[in-house]
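A note on names: the letters A, B, ... follow the listed sequences, proteins ahead of strands, and every chain is numbered from 1.
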There are 2 protein chains.
Amino acid sequence: MDTKSLPVFSADCPSRTIVDVLANKWVLYVLGLLRAADRPLRFGELKRSVEGVTQKSLTKTLRTLERDGFVDRRVHATVPPRVEYRLTDLGRDAGQLLTALNDWAKHNAPKVVSSRETFDAGQPREAPAWTHRG
Amino acid sequence: MDTKSLPVFSADCPSRTIVDVLANKWVLYVLGLLRAADRPLRFGELKRSVEGVTQKSLTKTLRTLERDGFVDRRVHATVPPRVEYRLTDLGRDAGQLLTALNDWAKHNAPKVVSSRETFDAGQPREAPAWTHRG
DNA sequence: CAGAATCCTACGAGATACTG
DNA sequence: CAGTATCTCGTAGGATTCTG
């Protein structure tokens, strides 16, 4: 590979593109909900289900997922408004990736967690709360 | 924050944990380099290879990867200092995930990219450069 | 060489208020 | 109901400087 000039952030780096999608704070959860529900969900339903999310963050998450082609947003011209979100084919296909990710994660995330604990226990190089400095 | 019912951010959500690791700006690249090199790499080597990364960012990335158990950091008490980074078993095992990720990404990232273009073309809700406002 | 420490800035995200 | 519009604040990350 040409490690000279790097397409780390360009659209030429597929992994980067996908990881950036998944990296959004609420994406995994929204995708998971839509997968589990297996039916269109309204904004309010999502909002209530994803506890802790603000409408702003949820809106942004959904807009991004729509833009990226993972969800389809359908507005019904009724009053009061009714907006439904459903997975696209791509969004449904992402299930494969999420499954692979989840499998690997379930197997290895615990190792990561315990590695962190070990590291943190052995390297109090950044003074923890109980040491006073300055 | 009130995560009463939802383990979205807790260590109990393996996918979240792993995605958060991969989400770091330079992680994919560092991991890819160490995989490709198949030998320990020095800090300077990594720095030179990952064009555009700053010392601070690279250091932080490597520290995180070390903490999470993906890389092993070895300091040689020589002068000048020599610090080598190599993949751990977990880091090497991550290759499986990265392969799965990359396969899926190569297949689908283009769809994401083109979806973005379509979306952006159709929704100039935020006035583009060529419309003057104010 | 491999960083640590510092300064600085852009952006993400929460809280709040308003609307078709 | 499903957003949009502001405001603010915390933090990630770049640039720069210093050191064992």
Q: Picking from C:dG14, D:dG14, C:dG3, which would you name as closest to the side chain of B:Phe43?
A: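 Closest nucleotide among those given: C:dG3.
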
Q: With nearest nucleotides of DNA chain D determined for A:Lys56 and A:Val83 from heavy-atom distances, which residue corresponds to the more 5′ nucleotide?
A: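 Final value for this comparison: A:Val83.
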
Q: Of all the choices, D:dG3, D:dG20, D:dG13, which nucleotide is nearest to the side chain of A:Arg63 once you look at every atom?
A: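 So the side chain of A:Arg63 is nearest to D:dG3.
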
Q: For D:dG3 and A:Arg73 - does any side-chain N or O of the residue sit under 4.0 Å from the phosphate oxygens OP1/OP2?
A: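 Indeed, a polar side-chain atom of A:Arg73 lies that close.
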
Q: Taking only the side-chain heavy atoms of B:Thr59 (C-beta and beyond), determine which of C:dA15, D:dG3, C:dA4 contains the nearest atom.
A: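 Between C:dA15, D:dG3, C:dA4, the one nearest the side chain of B:Thr59 would be C:dA4.
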
Q: Is there a donor-acceptor pair under 3.5 Å between the side chain of A:Arg86 and the backbone N or O of A:Leu34?
A: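 Checked: no pair found.
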
Q: Does A:Gln55 or A:Lys60 map to a spot on DNA chain C nearer the 5' end, using the closest nucleotide for each?
A: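 Counting from the 5' end, the first nearest nucleotide belongs to A:Lys60.
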
Q: Among C:dA13, C:dG3, D:dG13, which nucleotide sits nearest the side chain of B:Ser57?
A: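 Closest nucleotide to the B:Ser57 side chain: D:dG13.
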
Q: Please pick, from C:dG14, D:dA15, C:dC1, the nucleotide with the shortest atom-to-atom distance to any side-chain atom of B:Thr54.
A: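 Within the option list, the nearest is D:dA15.
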
Q: Does the B:Thr99 side chain pair with the main chain of B:Gly95, one donor and one acceptor, at a distance under 3.5 Å?
A: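 Yes; judged by distance alone, with no hydrogens or angles, the pair exists.
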
Q: List in chain and number order the residues that pass salt bridge (Lys or Arg N to Asp or Glu O under 4.0 Å) with B:Glu117, two or more places apart in sequence or in another chain; answer none if no residue qualifies.
A: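 Partners of B:Glu117 by the salt bridge (Lys or Arg N to Asp or Glu O under 4.0 Å) criterion come out as none, since no residue qualifies.
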
Q: Side-chain N or O of A:Arg42 less than 4.0 angstrom from OP1 or OP2 on D:dA2?
A: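 Answer yes for this pair, as a side-chain N or O of A:Arg42 is under 4.0 Å from OP1 or OP2.
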
Q: Among B:Glu45, B:Arg42, B:Arg73, B:Arg74, which residue meets the side-chain hydrogen bond (donor to acceptor under 3.5 Å, both in side chains) test with B:Tyr85?
A: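 For B:Tyr85, the side-chain hydrogen bond (donor to acceptor under 3.5 Å, both in side chains) check succeeds only for B:Arg73.
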
